[in-house]
Amino acid sequence: MSPERQTFDLVIAANRLPVDKVITDDGEIEWRRSPGGLVTAMESVMRTQPGAWVGWAGDSGEAPEPFDEDGIHLHPVALSAEEVRDYYEGFSNDTLWPIYHDVIVPATFHREWWAAYRAVNERFARAVAEVAAEGARVWVQDYQLQLVPALVRELRPDVRIGWFNHIPFPPVELFAQLPWRAQLLEGLLGADFLGFQRQADARNFVRACRQLLGAPTKRDLVTVEGQHRRVRAAAIPISVDFHGLEELAKRPDVMARAREIRASLGDPEVLMLGVDRLDYTKGIRHRLKAYEELLSERRLGPPEVTLVQVATPSRERVEAYRTLRNEIEQTVGRINGDLAKIGAPAVHYLHHSYPREEMAALFQAADVMLVTPLRDGMNLVAKEYVTCRHDLGGALVLSEFTGAWHELHQAFACNPHDIEGLKQTILRAINTPAKDKQRIMRALRRRVADHDVQRWAARYLAALDAAPEVPQPTAGGPSRSAEKPNPAAVQDSSHAAAQEPAPQEAGR
Ligand code: ADP
Ligand code: G6P
């Protein structure tokens, strides 16, 4: 550690910084908000407490000097163009992402991608070790940095290390395909506490340690043999900044913009909305198929009904994303070509990012929000939609394959693979009487208000503080007497957690 370097008691490491460096057409440097739910959530957590954020600035080449932005100390990590290709687009998003999302598209394995992943994780660990104060809390984020916990432990045994997975953790049958499965598990076991979106994800992790490493496990604890410690893996589902976003949505200019959006779409009777990164996990194709059939069967039709699909550009150099974009754009073209009327498109397709105000206005303008992923760790869009509906208007159609569904059971649930069922659910979301929809919306909002992102972070950090678990030196494996009450488990009285069975009792 260099003596002059500023150090912090809380350090988070995420692949991306909350802002992306963009070179404008005039050659100027501009910082723009980075895409994705991780940034949305972690930014609101970090704005309210002192800390450093270690991450990549979104372009290749030399890293900018560390700087402060809106109360957060940003510590950029450099990635070369080859590392962007091999570590970010390759291993993170063409190997891990498909494996962790039910192999919706096939995963690609390349040994050189793995080498880049390891090298970049080592760089992140060194950067964390530089900015962490003595005894700091280090909070590593997501699948891109799974080796960082063990690497930081080696460099800085004095710090407390947590990791949170924003995406699903796959069943062992899928995880086992990874040629580097043991290294990934060992990397994660360097942490003191591991957080997941759902109990099923935590269970999948514990089972993978038992079956693939032969590690002793008991309930949510994995023993790290040779290090005399145990690691807890528990579900702490992430959320949104309910009060901050609600306040924004209540602003008169935002509410006026919502009305303006509806007016500019011809004041339809039913405005449906989809908001997603353009990712094959989001079920955009399934949604469009259901909508197209409803239009063809004349059960819905413009101008009375219209759909706005906002699709944020994402990972555009990865083949599966390019293919998806082509398919979506062709489908939108076909639907409009076949089923729109002059001045009344059936689908308004917007391939852009928007400011938070515009997103809040769109949410308020929409009568039906379509959240139809085939697999999603959480889906913050679902929670943002209900947060913005302080008027109790609107209806949320929500896929059972999202983490959000485990908390938002009152939503109009759908299985996006079942196109006929999805069509029925969309019609139900449109036709349910307003009074019933208001009752549902009130319940959904209560859940998100009570479990907002500030509470999530507090629960996570309390669980991290309660770590590490030190097993009693008794023969025959881990001893129950070493277990401390875990704030995450104790507080997790949500029906989400309560509904899932406890992790399997261990046995080898
Ligand atoms: P993911 O993290 O997989 O992208 P989430 O639904 O959890 O999915 O989070 C997406 C985040 O990105 C939300 O905060 C959402 O409001 C934001 N977002 C999505 N699309 C856009 C867009 N076009 N412009 C601005 N923000 C967007
Ligand atoms: C998801 C991931 C994040 C990622 C985000 C955007 O939310 O969990 O780790 O940052 O998608 O993806 P990108 O590849 O653009 O960072």
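FYI, the numbering just counts along the sequence from 1. Ligands are counted one by one from 1 in listed order, and the atoms in each one are counted from 1 as well.
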From Phe164, Tyr460, Trp163, residue fulfilling ring-ring contact (aromatic ring centres under 6.0 Å, His included) relative to Phe196: Trp163
Ligand 2: protein residues within heavy-atom distance under 4.0 Å: Arg16, Pro35, Gly36, Gly37, Leu38, Tyr88, Asn93, Asp142, Tyr143, Gln144, His166, Ile167, Arg277, Arg315
All salt bridge (Lys or Arg N to Asp or Glu O under 4.0 Å) counterparts of Asp102, not counting sequence neighbours: Arg375
Ring centroid separation Trp405 to His409 under 6.0 Å: yes
Contacts of Glu89 that satisfy salt bridge (Lys or Arg N to Asp or Glu O under 4.0 Å) - sequence neighbours left out: Arg317
Whether Phe8 and His73 hold their rings parallel, tilted or perpendicular, with breakpoints at 30° and 60°: parallel
Parallel, tilted or perpendicular: rings of Phe109 and Trp180 (30°, 60°): perpendicular
Per-ligand residue contacts, ligand 1, heavy-atom threshold under 4.0 Å: Gly36, Gly37, Thr40, Val275, Arg277, Lys282, Val310, Thr312, His352, Ser353, Tyr354, Met359, Asn379, Leu380, Val381, Glu384
Member of Arg232, Arg153, Arg160 meeting the salt bridge (charged side-chain N to carboxylate O under 4.0 Å, His left out) criterion with Asp192: Arg153
Parallel, tilted or perpendicular: ring planes of Tyr100 versus Phe169, cut at 30 and 60 degrees: perpendicular
Ring centers of Trp113, Tyr87 separated by less than 6.0 Å: no
